[in-house]
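Quick notes on the structure that follows.
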Amino acid sequence: MVTKERAREILEQIIALYPDAQTILKYRNNFELLIAVMLSAQTTDMAVNKVTKKLFERFPDPASFAVSSPEEIEPYIQSIGLYRNKAKYIYTCSNQLIKNFGGKVPSNRKDLESLAGIGRKTANVVLSVGFNIPAFPVDTHVSRVCKHHGIVPPDATPLEIEKIVTDILPADLWKQAHHALIFFGRNICTPRNPKCGEYLI
DNA sequence: AACTCGGGGCA
DNA sequence: TGCCCAGAGTT
């Protein structure tokens, strides 16, 4: 474990590496963002980006999904794995959006987490990326990078990591930190053969 | 806290 | 061929 000051230095260096970092997922609005992030569970961003074009072409909005069925959605996302669960999530979530939120994506954590297939991580992405509200999503990349550099304990849970990092950085850096850690984790601080030493002091 | 979902990419 | 991947729900 490094000191809080050192942890802040490391995070700031990683943020500085990606001044223009955006999410890798392709989306045109907050609904597509919500679905794209939900689909990204336990798979890669590339896999999700391969299916979203045809998926949203066929189902452009919550209403389109809501009058559909999980079985009709499945073929469009079959290649990403976990597709039966995810098709049900999309269908149920879309119906919840229509019934409870006027077909619009809610902008607070409580309502977002009430939706099928949306947990704390996805809710935080929608809040920060979609609504520009300070939130810090912790996924496998963020978790691995923070542990690898001793910013959090080796056995820290996602919620603990969220708390530690948001305590280290000011709120206006959370979104950048999230983006940067994703890119750093994908490209440099990889699960195997990480090359952090070439980029961090 | 452990279990389940799951096809594709890569070593 | 085996392991891992932008998690969330259920038991």
Side-chain angles (χ1 to χ4, degrees), chain A residues 14-15 18 21-28 30-56 65 70-71 73-97 105-106 109-131 135-148 152-162 165-166 174-195:
Chain A
I14 294 174
I15 291 172
Y18 304 95
Q22 302 271 336
T23 176
I24 302 169
L25 295 165
K26 295 176 182 171
Y27 60 95
R28 292 175 294 189
N30 285 346
F31 174 67
E32 288 194 1
L33 172 66
L34 179 78
I35 300 301
V37 175
M38 188 192 69
L39 291 181
S40 69
Q42 294 298 104
T43 187
T44 63
D45 51 317
M46 294 92 74
V48 173
N49 283 335
K50 278 183 186 173
V51 307
T52 45
K53 181 176 168 60
K54 286 184 180 177
L55 178 68
F56 294 133
F65 284 116
E71 291 73 22
I73 299 169
E74 282 179 10
Y76 290 87
I77 61 173
Q78 191 270 345
S79 65
I80 67 175
L82 307 182
Y83 60 93
R84 293 189 186 92
N85 284 341
K86 290 174 179 177
K88 287 179 193 166
Y89 292 157
I90 295 175
Y91 174 75
T92 305
C93 174
S94 294
N95 276 285
Q96 287 175 297
L97 286 174
V105 178
R109 184 194 312 286
K110 178 173 164 291
D111 288 343
L112 284 169
E113 290 189 12
S114 76
L115 298 168
I118 310 302
R120 189 174 180 94
K121 182 259 176 177
T122 304
N124 279 354
V125 175
V126 173
L127 289 172
S128 65
V129 178
F131 291 102
F136 187 72
V138 177
D139 52 44
T140 54
H141 286 316
V142 173
S143 178
R144 183 182 64 258
V145 173
C146 289
K147 289 176 182 177
H148 186 264
V152 303
D155 59 345
T157 65
L159 198 58
E160 289 167 347
I161 297 173
E162 180 180 330
V165 174
T166 54
W174 295 355
K175 184 176 179 179
Q176 289 173 250
H178 157 225
H179 285 157
L181 285 166
I182 294 291
F183 279 71
F184 192 68
R186 256 208 74 77
N187 303 317
I188 298 169
C189 192
T190 48
R192 297 172 296 279
N193 208 5
K195 302 173 181 173

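Protein chains get the first letters and strands the later ones, always in sequence-line order, with residue 1 at the start of each.
If you run side chain to side chain contact (heavy atoms under 4.5 Å, CB included) between A/Leu112 and each of A/Thr122, A/Leu127, A/Val125, only A/Leu127 comes through.
Rounding to whole angstrom units, CG of residue A/Asn85 and P of C/dT10 are separated by 9 Å. Here C/dC4 presents its C1' atom at 11 Å from NE2 of A/His141, a figure rounded to the nearest Å. Remark: C1' of C/dG7 and CG of A/Leu39 are 12 Å apart, rounded to the nearest angstrom. In this structure, A/Met38 places its CE atom 13 Å from P of C/dG7, rounding to the nearest Å. Remark: P of C/dG9 and CZ of A/Arg120 are 14 Å apart, rounded to the nearest angstrom. Per the geometry, CD belonging to A/Gln96 stands 13 Å off C1' belonging to C/dA8, to the nearest Å.
Under the 3.5 Å distance criterion, the side-chain polar atoms of A/Glu113 are left unmatched by any main-chain donor or acceptor of A/Ala123. Side-chain N or O atoms of A/Ser40 include one that pairs as donor or acceptor with a backbone N or O of A/Val37 at under 3.5 Å. A donor-acceptor pair under 3.5 Å links the side-chain atoms of A/Arg144 to the main chain of A/Cys189, judged by distance alone.
If you check every strand for non-hydrogen atoms under 4.0 Å, A/Pro158 touches nothing. Residue A/Leu181 is classed as having no contact, given no heavy-atom separation below 4.0 Å to the nucleic acid. Residue A/His179 is out of contact with every strand shown, counting any heavy-atom pair closer than 4.0 Å.
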Below 3.5 Å is the cut-off: list the nitrogen or oxygen pairs between protein and nucleotides 7-11 of chain B, distance only.
from  : atom 1 : to      : atom 2 : distance (Å)
B/dG9 : OP1    : A/Lys50 : NZ     : 3.2

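For A/Asn49, the side-chain contact (heavy atoms from CB on, under 4.5 Å) criterion is met by A/Ile24, A/Leu25, A/Lys26, A/Thr52, not counting sequence neighbours.
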Run A/Leu82 and A/Thr43 through side-chain contact (heavy atoms from CB on, under 4.5 Å) and show every step you take. CA-CA 9 Å; A/Leu82 307 182; A/Thr43 187; over 6 Å; no
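For A/Gly119 and A/Arg144, each mapped to the nucleotide of DNA chain C holding its nearest heavy atom, the one lying further toward the 5' end belongs to A/Arg144.
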